[in-house]
**Student:** 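Below you will find the structure I want to go over with you.
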Amino acid sequence: MSHSTTVAPPEPPPTDSGASPLGNGLKQRHLSMIALGGVIGAGLFVGSGAGIAAAGPSIVLAYAASGLLVMFVMRMLGEMSAADPASGSFSVHAERAIGPWAGFTAGWMFWTLLCVGVAIEAIGAAHIMTGWFPGTPSWMWVLVFMALFCGSNLAAVSNFGEFEFWFSALKIGAIGLFLGLGVLAVLGLLPGTGAPGTANLLPDGGFLPRGVDGLLVGLLASVVAYGGLETVTIAAAESQDPVRGVAKAVRTTMWRIAVVYVGSMLVIVTLLPWNDPKVTEQGPYAATLDHLGIPAAGQIMNAVVLVALLSAMNANIYGSSRMAYSLVARGQGPKALGRLAGRVPRRAVLASSGFGFVTVLLSYWYPDTLFAWLLNMVGGVILVVWGFIAVSQVVLRRRLEREAPEKLVVRMWGFPYLTWVALAGVAGVLALMALGEDTRVQVFFTGGLTVALAAIGYVLQRRSAATAR
């Protein structure tokens, strides 16, 4: 990725703020539903199967532990975003707190993550469609979905909001129905099922059938499933009341994580043996519905997963384009991407969608080399971003307490102790990834990307400072 402009000096502060020329086309109902269901994706519906197979019933502990870490991160991010809403979210906060090189690094890392995510979701959605329509080429479905959501994001931001509102509503409805049926089955109140009690929680190796190692694999799988919560703070900058929107979204994070994620895992491992091959073959949700005798359970979940994938595509194109626009607005990217048309950064949308489409092509042309490298590079990006968020919050909280305490609408709990606990948790998960045979390469690739971007950002920062003098 080339950059034709230099990084802005530390002073004056970044111009990307709540007064952004992007406008305020997102309504409170859009933000509320994005906060409720935007993060629910294929990582939960399908990817959790691998976590259950590795951790067994202890997957509940894995989701609870990583969920606690996510709650801390979102509380910190919410504190900073409510004080200073910005379409660049944590990238802007990192620049203000640490320096332009940090904003540059966090921003472009997240942009890369979202663009690769667009490709992965497009490929997954195309796979479902070719299953429903045998004989159709998968590239055709990829092209249709990419064109659809690129087009919707090129229009007014309210289009993105409406798509996500209904997508999220469908996902929330599906999860709610699943949990309702699951709880009835667990209690023995569903016709044809008896209360399982602890029959599936303790046999076959007990609650920790594969020991601490299995629990750690489940922990890493759960971290991936939580990725994406940050998008709501990016979207809030284009809402009618960004401070209220961020505050409300952050305050609902706790029960969303407890009910949707931890609750789902508890229902699944209570109703099904953790080592049932259907958990990974069909996906844990489809396998559970099949166990409950729900007709066409597999196709129902395919439809839900398709909605989740398309929702994530839409959100990632939006989030990546706004992050790119924010970086350019602060002098940290090519000027051409910063032009607005109808208060929409259309060139940033096209660039983000284009990178995603090229990534899809790489998955066909070079699946074991270039595409695999990209996947490994973004493997630990979300953890690095969380680390930037924690460090930024420590600095900015102390600054706000001195200079503008009235802006602290949302406050991080137990500051600064829980912030340091969260930072230690991020470092701990990265260390576990470095120790695991299957995840070690991701840490190295992600570390290489981080160092490379930090070095570029630092050089540009020094050059800009020298020019300013």
Side-chain angles (χ1 to χ4, degrees), residues 1 38 40-47 49-50 110-155 159-160 163-164 166-167 170-171 224 227-228 231 280-283 286 298-321 323-324 337 345-379 381 442 445:
M1 153 172 58
I40 301 172
L44 176 65
F45 286 121
V46 179
F110 196 68
W111 181 84
T112 305
L113 170 67
L114 294 185
C115 290
V116 173
V118 168
I120 294 170
E121 288 130 15
I123 294 167
H127 178 72
I128 292 175
M129 295 304 293
T130 54
W132 287 344
F133 301 96
T136 57
S138 60
W139 64 262
M140 179 189 75
W141 294 111
V142 169
L143 191 60
V144 167
F145 294 140
M146 293 290 289
L148 173 64
F149 293 112
C150 179
S152 71
N153 276 278
L154 286 172
N159 282 15
F160 161 75
F163 268 112
E164 280 306 291
W166 293 109
F167 279 151
L170 286 169
K171 288 187 286 183
V224 173
T231 302
T280 51
E281 291 171 2
Q282 294 180 246
Q299 292 306 318
I300 291 172
M301 285 313 303
N302 270 342
V304 173
V305 171
L306 178 64
V307 168
L309 288 166
L310 296 181
S311 171
M313 272 189 71
N314 190 37
N316 285 353
I317 290 175
Y318 170 81
S320 58
S321 65
M323 182 61 74
L337 298 184
R346 292 182 178 171
R347 292 189 179 184
V349 170
L350 290 171
S352 300
S353 301
F355 187 91
F357 191 71
V358 168
T359 303
V360 172
L361 296 179
L362 293 179
S363 75
Y364 292 129
W365 297 338
Y366 309 103
D368 300 321
T369 52
L370 295 180
F371 185 66
W373 292 347
L374 272 176
L375 291 182
N376 284 325
M377 278 194 294
V378 301
V381 161
Q442 293 181 5
F445 273 85

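Any value given below was found using the heavy atoms of this structure, including those in side chains, with hydrogens, waters and symmetry copies removed.
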**Student:** List the atom of Tyr364, the atom of Trp139, and the distance in Å for their closest heavy-atom pair.
**Tutor:**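 Smallest heavy-atom distance, with atoms named: OH-N, 4.0 Å.
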
**Student:** Between Thr112 and Val378, does the side chain to side chain contact (heavy atoms under 4.5 Å, CB included) criterion hold? Intermediate values first, please.
**Tutor:** CA-CA 7 Å; Thr112 305; Val378 301; 4.0 Å; yes

**Student:** Check the pair Leu154, Asn159 against side chain to side chain contact (heavy atoms under 4.5 Å, CB included), reporting the backbone distance first and the verdict last.
**Tutor:** CA-CA 9 Å; Leu154 286 172; Asn159 282 15; over 6 Å; no

**Student:** Counting only N and O atoms by type, is there a donor-acceptor contact under 3.5 Å from the side chain of Ser311 to the main-chain atoms of Val307?
**Tutor:**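 Such a contact is absent between Ser311 side chain and Val307 backbone.
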
**Student:** Taking Thr130 for the side chain and His127 for the main chain, is one N or O donor matched with an acceptor at less than 3.5 Å?
**Tutor:** yes

**Student:** Distance from Met377 atom CE to Leu113 atom CG, nearest 0.5 Å?
**Tutor:**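 The CE atom of Met377 sits 11.5 Å away from the CG atom of Leu113.
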
**Student:** Considering residues at least two apart in sequence or located in another chain, which fulfil the ring-ring contact (aromatic ring centres under 6.0 Å, His included) criterion with Phe357?
**Tutor:**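 Checked Phe357 against ring-ring contact (aromatic ring centres under 6.0 Å, His included); zero matches.
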
**Student:** Could you tell me which non-hydrogen atom of Leu114 sits nearest to which non-hydrogen atom of Gly319, and how far apart they are?
**Tutor:** CD1-C, 3.5 Å

**Student:** Answer yes or no: is there a side-chain heavy-atom contact under 4.5 Å between Val305 and Ile128?
**Tutor:**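 Val305 vs Ile128: side chains touch.
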
**Student:** Report, as yes or no, whether the 6.0 Å neighbourhood of atom CH2 on Trp132 holds more than 12 heavy atoms from other residues, nucleotides or ligands.
**Tutor:**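 Above 12, so yes.
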
**Student:** Could you tell me the separation between the OG atom of Ser363 and the CG atom of Leu374, rounded to the nearest 0.5 Å?
**Tutor:**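 Reported to 0.5 Å precision, the distance equals 10.5 Å.
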
**Student:** Classify the angle between the aromatic ring planes of Tyr318 and Phe160 as parallel (below 30°), tilted (30 to 60°) or perpendicular (above 60°).
**Tutor:** parallel

**Student:** If every non-hydrogen atom of Val142 is compared with every non-hydrogen atom of Ala122, which pair is closest and at what distance?
**Tutor:** CG2-O, 3.8 Å

**Student:** Just verifying a value: how many Å separate Trp111 CH2 and Phe355 CZ, rounded to the nearest 0.5 Å?
**Tutor:** 5.0 Å

**Student:** Roughly how far, to the nearest 0.5 Å, is the CD atom of Gln282 from the CE atom of Met301?
**Tutor:**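 It comes to 11.0 Å.
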
**Student:** Going through the distances and angles, do Asn316 and Cys115 end up as a side chain to side chain contact (heavy atoms under 4.5 Å, CB included)?
**Tutor:** CA-CA 7 Å; Asn316 285 353; Cys115 290; over 6 Å; no

**Student:** Grab the two heavy atoms, one from Cys150 and one from Ile317, that are nearest each other, plus how far apart they are.
**Tutor:** N-CD1, 4.1 Å

**Student:** Measure from the side-chain N and O atoms of Asn314 to the backbone N and O of Leu310, and report whether any donor-acceptor pair falls under 3.5 Å.
**Tutor:** no

**Student:** Testing the basics here: between Ala126 and Phe145, what is the closest heavy-atom pair and its distance to 0.1 Å?
**Tutor:** N-CE1, 4.2 Å

**Student:** Taking C-beta and beyond as the side chain, do Met313 and Leu148 meet within less than 4.5 Å on heavy atoms?
**Tutor:** no

**Student:** Using 0.5 Å steps for rounding, measure from the CZ atom of Phe45 to the CG atom of Leu309.
**Tutor:** 10.0 Å

**Student:** Does Tyr366 have more than 12 heavy atoms from other residues, nucleotides or ligands lying within 6.0 Å of its OH?
**Tutor:**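 No.
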
**Student:** About how many Å separate CG of Leu361 and CG of Leu370, when rounded to the nearest 0.5 Å?
**Tutor:** 12.0 Å

**Student:** Short question: side chain of Ser352, backbone of Val349 - any donor-acceptor pair under 3.5 Å?
**Tutor:**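 No; judged by distance alone, with no hydrogens or angles, the pair does not exist.
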
